[in-house]
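The structure appears right after this line, and notes come after that.
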Amino acid sequence: MPQNPLVEKTPVTLLGLGAMGTALARTWLSAGHPLTVWNRTPARAAALEAEGASVADTAAGAVAANTLVITCLLDDMSVGEVLAGLDLTGKDLVNLTTSTPAQARDRAEWSRQRGARYLDGGIMAVPPMIGVPESGGYAFYSGSEELFARHRDTLGIPAGTSFVGEDAGFAALYDVALLSAMYGMFAGAAHAFALIRKEDIDPAALAPLLADWLTAMAPSVHQTADQLRTGDYTEGVASPLAMQVAGTPAFLRTAEQQGVSPELLTPYFDLMRRRLAEGSDDEGLTGVIDLLVR
Ligand code: NDP
């Protein structure tokens with residue numbers, strides 16, 4: 001989001017200059033935010049120093065420099081190691097390190113005990129998308145809503161922002177939920193490409209068909225959400241589970257005939273069959289979700 005040039009830019013401390021940290025750093029520098037950086041391997045800070053960043057010799061020095069402290073380290077363990085023993089009193093800690101919801105909640109409590117406000121972030125972008133608004137990259141945030149509101153403009157410089165709740169674990173949860181769905185999509189596409197691998201079919205001819213089909217199917221998640229909310233899993237079903245299960249042998253036989261392992265398909269088909277065996281013929285696929293939740 002563009003900031004008013006007459007308003008002083010919030011100074012930022014950033015700990016962690018890996019691929020993601022470096023991309024984030026550049027956007028704040030370009031936007032005119034005073035930036036103090038620290039990295040375990042000092043050499044990674046050299047280019048940013050030339051671009052105007054202040055380089056701290058120690059993590060303690062970087063943290064002491066500014067109220068807003070952003071971490072973008074490898075994992076939660078490295079955040080604990082870097083911040084161990086540092087004075088975080090009065091700091092606004094924004095942790096953009098990928099973690100689990102439980103780690104994020106623990107880190108929020110850990111920060112509170114040290115007198116810091118805490119906001120957790122999950123970045124839905126790869127480094128080349130950072131600072132490129134048209135790429136659609138954004139980050140989920142959860143934890144202190146007050147802290148999010150205070151730093152929203154600064155956090156919005158590298159990528160879009162989406163606040164998903166006061167529960168500090170929610171950003172990580174949304175992040176993992178979306179990425180898990182993405183891996184399901186990758187798995188399906190891998191199986192599709194494997195099916196044509198030994199044929200005289202150009203993968204480049206299949207690719208646009210796949211992309212269009214997946215795009216056409218993606219909005220079905222709205223119906224799934226509606227059914228989960230109402231509890232009526234038969235509402236608006238166009239392809240009943242019984243019909244879909246009856247079709248699965250054709251998928252498995254085709255895989256066998258093409259010399260392709262069915263291992264990416266069978267776990268999902270097994271769940272569909274189990275749900276059908278419970279007598280849910282008129283439903284679509286939503287009931288599978290209930291089988292997954294333990
Ligand atoms: P990199 O592997 O490029 O960088 C890791 C960073 O963590 C480096 O600054 C490294 O320091 C530092 N680090 C690792 N272990 C320690 C430690 N024990 N003590 C101090 N510093 C440590 O990772 P990225 O920058 O790509 O990722 C950073 C975070 O962003 C991760 O949590 C990642 O999941 C998340 N993310 C990354 C995306 C991506 O596509 N890259 C996408 C979305 C989220 P050093 O230079 O000294 O090794």
Side-chain angles (χ1 to χ4, degrees), residues 12-29 35-51 53-65 68-86 88 93-108 110-111 118-133 135-143 154-164 168-183 185-186:
V12 177
T13 282
L14 175 64
L15 306 175
L17 298 175
M20 184 55 84
T22 300
L24 298 171
R26 291 220 155 89
T27 66
W28 284 309
L29 283 176
L35 180 70
T36 302
V37 295
W38 173 85
N39 194 58
R40 178 181 61 179
T41 307
R44 286 180 113 164
L48 290 168
E49 187 168 32
E51 292 168 37
S54 303
V55 178
D57 293 336
T58 60
V63 168
L68 177 56
V69 175
I70 298 176
T71 46
C72 187
L73 297 159
L74 186 64
D75 53 16
D76 183 64
M77 196 190 287
S78 50
V79 174
E81 281 176 29
V82 168
L83 296 181
L86 304 192
L88 297 177
L93 179 60
V94 180
N95 185 16
L96 292 176
T97 305
T98 300
S99 51
T100 68
Q103 285 171 333
R105 288 172 188 136
D106 288 350
R107 191 60 64 198
W110 180 94
S111 303
Y118 185 83
L119 192 61
D120 200 80
I123 304 174
M124 302 304 301
V126 291
M129 293 164 77
I130 298 299
V132 184
S135 71
Y138 65 95
F140 288 119
Y141 289 95
S142 62
T154 305
L155 297 174
I157 301 262
T161 59
S162 174
F163 184 78
V164 288
F170 277 9
L173 189 55
Y174 274 79
D175 185 346
V176 170
L178 265 60
L179 293 177
S180 299
M182 176 192 76
Y183 279 115
M185 182 189 75
F186 287 162

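As the structure lists them, so they are numbered: ligands from 1, and atoms in each ligand from 1.
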Here the atoms of ligand 1 under 4.0 Å from any heavy atom belonging to A125 are 42 (C), 43 (C)
Could you tell me whether D120 and R107 make a salt bridge, using a distance below 4.0 angstrom between a side-chain N and a carboxylate O?
no
I'd like to check which ligand 1 atoms, numbered from 1 as shown, lie under 4.0 Å from a non-hydrogen atom of V126.
40 (O)
Side chain, backbone, both or neither: which part of M20 has a heavy atom under 4.0 Å from ligand 1?
both
Between V37, T41, L17, T98, which one has a non-hydrogen atom sitting closest to atom 34 (O) of ligand 1?
T98
Counting heavy atoms under 4.0 Å, the part of E81 that contacts ligand 1 is side chain
Taking 4.0 angstrom as the limit and counting only heavy atoms of G16, give me the atoms of ligand 1 inside it, by number and element.
9 (O)
State the atoms of ligand 1, each with its element, that fall below the 4.0 Å cut-off from a heavy-atom position in R44.
3 (O), 8 (C), 45 (P), 46 (O), 48 (O)
Polar proximity ligand 1 side, T97 side, N/O cut 3.5 Å exclusive
no
What do we get for V82 next to ligand 1 when only non-hydrogen atoms under 4.0 Å count, side chain, backbone, both or neither?
side chain
Taking distance alone, with no angle check, do G18 and ligand 1 share an N/O pair under 3.5 Å?
yes
Taking distance alone, with N or O pairs closer than 3.5 Å, would you say P127 contacts ligand 1?
no
